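Structure provided below as structure tokens; questions to follow.
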Protein chains: 2
Amino acid sequence: MDHSKRTSDLVEFFKVLGEPNRLRIVGLLAQRAYTVEQLGAALGVGVSTVSHHLTRLAGAGLVSARSESYYNLYSLKTSALSDMAKTLLAQAQPVRPESEQELSDYDRKVLATFTTSDGRIKTFPMQERKFRVLLRHILPSFSHGVRYTEKRVNEILSKYNDDTARLRRWLVDFGYMAREGGGGKYWRVDEREASAG
Amino acid sequence: MDHSKRTSDLVEFFKVLGEPNRLRIVGLLAQRAYTVEQLGAALGVGVSTVSHHLTRLAGAGLVSARSESYYNLYSLKTSALSDMAKTLLAQAQPVRPESEQELSDYDRKVLATFTTSDGRIKTFPMQERKFRVLLRHILPSFSHGVRYTEKRVNEILSKYNDDTARLRRWLVDFGYMAREGGGGKYWRVDEREASAG
DNA sequence: CGACTATTTCTATAAGTATCGAAATACTTC
DNA sequence: GAAGTATTTCGATACTTATAGAAATAGTCG
């Protein structure tokens with residue numbers, strides 16, 4: 001079973017459920033199968049409207065129909081709902097900052113040595129190359145084009161190590177962040193400039 | 001934490017996510033915080049449009065904002081997504097037929113004695129009163145106003161007991177279902193008529 | 001306080017769609 | 001095959017809303 005979906009499918013799924021009568025239909029079909037006329041009576045709308053809604057629900061894979069004598073009996077495909085729940089839960093776990101995915105073996109090894117499992121920095125390596133790995137590990141917590149107050153910078157850095165003052169100065173010294181003379185504002189420096197520093 | 005929601009809140013939640021650019025915003029904010037201008041550049045739309053979308057996302061409890069120097073930094077409230085996932089999973093389990101909720105202590109005791117935990121009928125009681133409890137236990141599987149073929153009736157009854165032929169005749173004899181003379185079609189009888197039978 | 005910046009609010013427009021009633025279709029029954 | 005039933009499709013209308021641009025607001029910096 002594949003829980004991944006194209007973005008357009010996701011949009012369609014939400015759009016289909018984002019209409020009061022369709023959501024009521026889903027609620028009714030969760031209990032038992034209904035005919036089009038029964039649904040119309042329950043909702044207080046015409047059968048053509050119900051038919052329209054059922055078409056959209058079926059298009060999103062939320063309902064299925066079977067024929068029974070005169071009638072078409074519609075029922076809920078509960079698997080569609082549970083699949084979507086799993087997709088939502090996956091989204092709910094924020095992507096681990098850019099790192100992780102594209103890290104070299106070397107970087108991964110350095111991080112394993114000098115950080116805890118939750119990403120905090122245990123000790124600072126002496127070698128500059130390893131040191132920069134740690135600084136780049138921190139960097140994704142800052143957005144490009146945003147001017148941070150010193151207070152806010154410290155708040156963010158405190159997630160990684162208690163010595164926020166030294167971390168802050170190092171980020172500037174190694175060219176990853178810049179500091180404004182007067183106002184005490186900081187911002188993230190463009191990648192190329194930083195690696196040149 | 002309360003995972004229940006009013007229906008109108010649910011509709012709003014889905015409606016908010018059922019728009020391509022808003023869903024893209026959620027995807028971006030799942031990775032890090034963004035300013036309004038950054039989002040506008042990423043999506044290729046004007047800032048006023050982004051602001052509008054963020055207002056709706058915030059209204060559904062999906063994003064929060066904090067002020068930083070010039071900027072408002074928006075971030076995703078992942079708890080909203082996981083709460084919704086739980087709500088969806090709850091819906092995915094079909095409600096146990098009308099029973100359960102409104103059963104008398106007597107009915108519950110009878111069902112406990114003569115049915116298995118998954119609702120199948122183990123043996124048939126001799127007393128008519130208890131017997132009717134079992135038949136009413138089956139009844140919610142049939143919709144009002146629908147004419148079922150005998151084949152379909154047997155399919156449904158087979159969920160409760162292998163002796164579908166006897167079950168089917170009993171339902172008719174006790175006045176819960178009616179049978180058409182010629183075509184062999186069955187339908188559920190109105191409650192009041194049935195209890196009079 | 002005055003200059004400047006990001007964001008929000010306002011206004012108007014265009015696109016999408018929920019709804020109904022009528023006509024067309026599909027299927028059952030006799 | 002003809003009559004009857006449920007459902008779908010079609011056509012028209014009303015309502016919602018995504019969008020951009022301009023004006024108003026809120027905040028920062030010097």
Side-chain angles (χ1 to χ4, degrees), chain A residues 11-12 14-25 33-41 43-60 63 65-74 143 145-152 180-187, chain B residues 8 11-12 14-25 33-41 43-60 63 65-74 143-152 180-187:
Chain A
V11 170
E12 181 62 16
F14 287 123
K15 196 180 291 188
V16 162
L17 256 43
E19 204 281 328
N21 278 335
R22 277 197 291 265
L23 201 57
R24 291 174 68 193
I25 289 177
Y34 278 76
T35 70
V36 178
E37 276 204 337
Q38 289 173 341
L39 287 172
L43 301 183
V45 300
V47 288
S48 62
T49 302
V50 173
S51 182
H52 166 68
H53 286 320
L54 287 171
T55 300
R56 295 211 61 176
L57 285 165
V63 306
R66 72 181 142 79
S67 195
E68 186 67 60
S69 177
Y70 286 147
Y71 314 84
N72 284 359
L73 278 177
Y74 282 88
S143 295
V146 173
R147 306 176 72 217
Y148 296 89
T149 63
E150 183 168 304
K151 178 169 165 294
R152 180 65 193 158
E180 191 181 36
K185 291 296 174 60
Y186 294 76
W187 62 92
Chain B
S8 58
V11 171
E12 182 63 15
F14 288 122
K15 196 179 294 187
V16 162
L17 257 41
E19 204 281 328
N21 278 334
R22 279 197 290 265
L23 202 57
R24 291 174 67 193
I25 289 177
Y34 278 76
T35 70
V36 178
E37 276 204 337
Q38 290 173 339
L39 287 172
L43 302 183
V45 300
V47 288
S48 62
T49 301
V50 173
S51 182
H52 166 69
H53 287 319
L54 288 171
T55 300
R56 296 209 62 176
L57 284 166
V63 306
R66 71 182 143 80
S67 193
E68 186 67 58
S69 177
Y70 286 147
Y71 313 83
N72 284 0
L73 278 177
Y74 282 88
S143 295
H144 287 288
V146 173
R147 306 176 74 217
Y148 297 89
T149 62
E150 183 168 303
K151 178 169 164 294
R152 178 68 191 156
E180 190 181 36
K185 290 296 174 62
Y186 295 76
W187 62 92

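The structure displayed is predicted, hence computed values, not measured ones. In what follows, every chain begins at residue 1, and chains take the letters A, B, ... in the order their sequences are listed.
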- Item | Whole angstrom value for the distance that separates P of C:dT5 from CD of B:Q38 | 17 Å
- Residue whose nearest DNA chain D nucleotide is more 5′ - B:V45 or A:L73: A:L73
- Return the set of residues passing side-chain hydrogen bond (donor to acceptor under 3.5 Å, both in side chains) with A:S48 (not counting sequence neighbours), or none when no residue passes. none
- Query: Among all residues two or more places apart in sequence or in another chain, which pass the salt bridge (Lys or Arg N to Asp or Glu O under 4.0 Å) test with B:R147?
  - Reply: B:E180
- Task: Starting from P on D:dT9, measure out to CG on A:L54 and report it in whole angstrom.
- Result: 11 Å
- What is the distance, rounded to the nearest whole Å, between atom CD of B:E150 and atom P of C:dT28? 17 Å
- Note on the structure: The salt bridge (Lys or Arg N to Asp or Glu O under 4.0 Å) partners of B:E37 (sequence neighbours excluded) come to none
- note: A:R152, atom CZ; D:dT28, atom P; distance rounded to Å ~ 15 Å
- Item | Nearest-Å distance for atom pair OH/C1', residues A:Y186 and D:dT28 | 18 Å
- Task: Give the stems involving DNA chain D, where a stem is 3 or more consecutive Watson-Crick or G-U wobble pairs (i with j, i+1 with j-1, and so on) under 3.5 Å.
- Result: C:1-30 with D:1-30
- Query: Restricting to pairs with a member in residues 46-55 of chain B, which pass salt bridge (charged side-chain N to carboxylate O under 4.0 Å, His left out), not counting sequence neighbours?
  - Reply: none
- Message: I want to confirm an ordering. Mapping A:R147 and B:S48 to their closest nucleotides on DNA chain D, which one lands closer to the 5' end?
- Response: B:S48
- Message: Has A:T55 got a side-chain atom pairing as donor or acceptor with A:S51's backbone, closer than 3.5 angstrom?
- Response: yes
- Rounded off to whole Å, could you give me the CH2-to-P distance for the A:W187 and D:dT28 pair? 17 Å
- Who pairs with A:S143 by side-chain hydrogen bond (donor to acceptor under 3.5 Å, both in side chains), at least two apart in sequence or on another chain? B:R32
- Note on the structure: With sequence neighbours left out, the residues meeting salt bridge (Lys or Arg N to Asp or Glu O under 4.0 Å) with B:E12 are B:R56
- Query: Rounded to the Å, how far apart are A:L43 CG and C:dC20 P?
  - Reply: 10 Å
- Looking only at C:dT7, D:dA20, D:dT8, the nucleotide nearest the B:Y74 side chain is C:dT7
Distances under 3.5 Å only, N/O to N/O: pair up the protein atoms with those of nucleotides 15-18 of chain D.
{"residue": "D:dA18", "atom": "OP1", "partner": "B:R22", "partner atom": "NH2", "Å": "3.0"}
{"residue": "D:dA18", "atom": "OP2", "partner": "B:R22", "partner atom": "NH1", "Å": "3.2"}
{"residue": "D:dA18", "atom": "OP2", "partner": "B:H52", "partner atom": "NE2", "Å": "2.8"}

- Task: For B:Y148, check ring pair (Phe, Tyr, Trp, His ring centres under 6.0 Å) against everything at least two apart and list the hits.
- Result: B:F142
- B:R22 CZ to B:H52 NE2 distance, which is reported to the nearest 0.5 Å: 6.0 Å
- Is B:T35 touching bases, backbone alone, or none of the nucleic acid, heavy atoms closer than 4.0 Å? sugar-phosphate
- Note on the structure: Regarding the side chain of A:Y71, the nearest nucleotide among D:dT8, C:dT7, D:dA6 is D:dA6
- Query: CG of A:N72 versus P of D:dT5: gap in Å, rounded?
  - Reply: 17 Å
